[in-house]
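What you see below is based on every heavy atom in this structure, not just the backbone, and it leaves out hydrogens, waters and symmetry mates.
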Amino acid sequence: MMFLDYKFRNFNIRLLIYVLALSVLGVLVIRSAAAGSMDDSRVIRQIIGIGVGVAAAITLSLIDYHRILNFAVVVYLVCVGFLALVLINGVVRGGATRWIVVPGLGQIQPSEFSKIGLIVFFAWFFDRYQEKINKVPVVGAAAVLFGVPILLILAEPNLSTSLITIMMFAALIFAAGISYKWIFGVLAVLTPLAASFIYLLQYEMIPFLRGYQAQRILSFINPGQYQDANRQQDNSVMAIGSGQLWGKGLNNTTIASVKNGNFLSEESTDFIFAIIGEELGFAGSMFTVVLYLLVIYECLWMARQSKDMSGKLICTGVAALIGFQSFSNIAVATKLFPNTGLPLPFISYGVSSLLSMYVGIGLVLNVGLQRKNTHN
């Protein structure tokens, strides 16, 4: 068996401890967010999800990632197939179609797993065409292959996941060694397009944006004109600020709580950082941020220690995914970004997001077991 050749002293137990700490924090905060509802079903499902996620991560850490990369094309096709299935026979919730029902598993969100699937596929793709990474046919093929799943995610609609996936892809292609000529060329095209986008947005002339999505962006640009659209984020900032240094404590029932006053919606998912800020204060918020920084550092450190390009890209992709998504969620909760529906990795309620993140961690752990420098 391949894992018998692994150097198990290289198993990055630190990374596993950091993500477990985030997961435990998530369970505590989810339970607190549901305080008074007498419904612990979310907490129970989240705990089960953590158990399954840890088992999946450890299992994947023992399967040579090169064997997984041999099925990269199959992984890509499965991702595209499930994303298409969402549009054909998905579950509609809140005006969006993002879930499908899998017998025995219930509802899952394919776009969450597709992010990990795309990391696997493009790690294989860029490794295979590493010497031709700056050739027009290779860049064009990568753009088309990436464009298909992104368009399917946008059609759900799921703008926030699309943007995170785009940032993740940008990190992958940068780490693969794309020329700065391509980077500056893309920026030269995107800058005027961004200005045109904002202008056309005001007249509702962006075809792939729903009305509420456009309003969220416009409310960020011109908050005075769209005060109602900002109410959720305003309440989130108020909750975080009210926690002061040490917070009001988990499961508190004080009438002064923003959470208990029902001023927050999606407090277990998109705005869970507001609960952390209110109940654990600045100290708890910084503890959470530091944990994410440690996770990202460990992933990037193992990317540097990887023995080949594909391993480097897997670690870089997972680091970029966790980094961009956690930053975006916290930025929304603190009103630095427009309101978007993104879960906070390992903390927000949602088994699909939780399992997909643990799958990514499992792949990173596997790369770490086979790193080139076995003495560090």
Asks: Look only at the side chain of Y292 and the backbone of P345, and say whether a donor-acceptor pair between them is shorter than 3.5 Å.
Replies: yes
Asks: Quick check: does any side chain N or O of T59 sit under 3.5 Å from a backbone N or O of A55, one acting as donor and the other as acceptor?
Replies: yes
Asks: Indicate the atoms forming the closest heavy-atom contact of T316 with A303, along with that distance.
Replies: OG1-CB, 3.7 Å
Asks: Between Q233 and V332, is there a donor-acceptor pair closer than 3.5 Å when you use the side chain of the first and the backbone of the second?
Replies: yes
Asks: Write down the atom of T165, the atom of T161, and the distance for their closest heavy-atom approach.
Replies: OG1-O, 2.6 Å
Asks: Do F271 and N339 come within less than 4.5 Å of each other through their side chains, counting heavy atoms only?
Replies: yes
Asks: For side chain to side chain contact (heavy atoms under 4.5 Å, CB included), just list the numbers for V29 and F273, CA-CA rounded to whole Å, side-chain angles, deciding distance to a tenth of an Å, and then say yes or no.
Replies: CA-CA 9 Å; V29 180; F273 191 77; over 6 Å; no
Asks: Is D40 reaching over with its side chain to a backbone N or O of V43, donor-acceptor style, under 3.5 angstrom?
Replies: no
Asks: Would a 4.5 Å heavy-atom cut-off, applied to side chains only, mark W301 and R14 as touching?
Replies: yes
Asks: What pair of heavy atoms forms the shortest contact from V318 to C299, and how long is it?
Replies: CG1-SG, 4.3 Å
Asks: Ring-plane angle category for F126 and F169, please: parallel below 30°, perpendicular beyond 60°, tilted otherwise.
Replies: tilted
Asks: Would you find more than 12 non-hydrogen atoms of other residues, nucleotides or ligands less than 6.0 Å from K312 atom NZ?
Replies: no
Asks: Answer with yes or no whether the side chains of N366 and Q370 bring together a donor and an acceptor at under 3.5 Å.
Replies: yes
Asks: Does one hydrophobic cluster hold both M286 and I272, with members joined at side-chain heavy-atom distances below 4.5 Å?
Replies: no
Asks: Hydrophobic clustering (ILVMFWY, side-chain heavy atoms < 4.5 Å, transitive) - are I47 and L25 grouped together?
Replies: yes
Asks: Is it the case that the side chain of N10 and the backbone of G368 share a donor-acceptor pair, with hydrogens and angles ignored and the cut-off at 3.5 Å?
Replies: no
Asks: Does F282 CZ have over 12 foreign heavy atoms under 6.0 Å away?
Replies: no
Asks: Locate the shortest heavy-atom distance separating L69 from A123; write the atom from each residue and the value.
Replies: CD2-CB, 4.3 Å
Asks: Any side-chain to backbone donor/acceptor pair from S328 onto Q325? Under 3.5 Å, distance only.
Replies: no
Asks: Show, in sequence, the C-alpha distance, side-chain angles and deciding distance for I240 and T334, and conclude whether the side chain to side chain contact (heavy atoms under 4.5 Å, CB included) test is met.
Replies: CA-CA 8 Å; I240 294 170; T334 53; 3.8 Å; yes
Asks: Using atom types as modelled and distance alone, determine if a side-chain donor or acceptor of S353 lies under 3.5 Å from a backbone N or O of Y349.
Replies: no
Asks: Taking the side chain from W124 and the backbone from V73, do they hold a donor-acceptor pair closer than 3.5 Å?
Replies: no
Asks: Rounded at 0.5 Å granularity, tell me how far CG in L291 sits from CD1 in I17.
Replies: 11.0 Å
Asks: For the NZ atom on K307, are there more than 12 heavy atoms of other groups (residues, nucleotides or ligands in this structure) within a distance under 6.0 Å?
Replies: yes
Asks: Only one of S348, S326, S160 passes side chain to side chain contact (heavy atoms under 4.5 Å, CB included) with L342; say which it is.
Replies: S160
Asks: Are the side chains of N134 and V139 in contact, using a 4.5 Å heavy-atom criterion?
Replies: no
Asks: Let me confirm one number: the CD1-OG distance from I314 to S306, rounded to the nearest 0.5 Å.
Replies: 8.0 Å
Asks: Measure the CE-CD1 distance between M168 and I322 for me, rounded to the nearest 0.5 Å.
Replies: 11.5 Å
Asks: If we only count heavy atoms from C-beta on, is the P343 to T269 side-chain gap below 4.5 Å?
Replies: no
Asks: For a quick test of reading the model, state the closest non-hydrogen atom pair linking W99 to V86 and the distance between them.
Replies: N-CG1, 4.2 Å
Asks: Report yes if some heavy atom in the side chain of L145 is under 4.5 Å from a heavy atom in the side chain of F121; otherwise report no.
Replies: yes
Asks: Determine, step by step, whether V148 and L83 satisfy the side chain to side chain contact (heavy atoms under 4.5 Å, CB included) criterion, reporting the C-alpha distance in whole Å, the side-chain angles of both residues, the deciding distance to 0.1 Å, and the verdict.
Replies: CA-CA 10 Å; V148 172; L83 289 173; over 6 Å; no
Asks: Measuring from atom CG of L280 to atom CG of L245, what distance do you get when rounded to the nearest 0.5 angstrom?
Replies: 11.5 Å
Asks: If hydrophobic clusters are built from ILVMFWY residues whose side chains come within less than 4.5 Å, do V136 and I178 share one?
Replies: yes
Asks: I'd like to know if I173 and V144 are part of one continuous hydrophobic network [Ile/Leu/Val/Met/Phe/Trp/Tyr, side-chain heavy atoms within less than 4.5 Å].
Replies: no
Asks: Side chain to side chain contact (heavy atoms under 4.5 Å, CB included) between V24 and F346: does it pass, once the steps are laid out?
Replies: CA-CA 9 Å; V24 170; F346 302 106; over 6 Å; no
Asks: Using side-chain hydrogen bond (donor to acceptor under 3.5 Å, both in side chains), reason through D234 and S236 one step at a time and then give a plain yes or no.
Replies: CA-CA 5 Å; D234 290 338; S236 174; over 6 Å; no
Asks: Got a second to check how far S352's OG is from M357's CE, nearest 0.5 Å?
Replies: 11.5 Å
Asks: Are more than 12 heavy atoms from other residues, nucleotides or ligands located less than 6.0 Å from atom OH of Y76?
Replies: yes
Asks: Is there a path of hydrophobic side-chain contacts, each under 4.5 Å between heavy atoms, that joins W182 and L187?
Replies: yes
Asks: Parallel under 30°, tilted from 30 to 60°, perpendicular over 60°: which one fits the rings of F125 and F122?
Replies: perpendicular
Asks: Is the shortest heavy-atom distance from the side chain of V91 to the side chain of T97 under 4.5 Å?
Replies: no
Asks: Side chains of L159 and T340, heavy atoms from C-beta outward: is any pair under 4.5 Å?
Replies: no
Asks: Find the distance between OG (S32) and CG (L250) and round it off to the nearest 0.5 Å.
Replies: 5.0 Å
Asks: Between S356 and F113 (side chain of the first, backbone of the second, donor and acceptor by atom type, cut-off under 3.5 Å), is there such a pair?
Replies: no
Asks: Got F82 and I100 here, is their nearest side-chain heavy-atom distance under 4.5 Å?
Replies: yes
Asks: Regarding N12 and E298, is there a side-chain donor-to-acceptor distance under 3.5 Å anywhere?
Replies: yes
Asks: Search all heavy atoms of Y358 against all heavy atoms of V54 and return the closest pair with its distance.
Replies: CE2-CG2, 3.8 Å
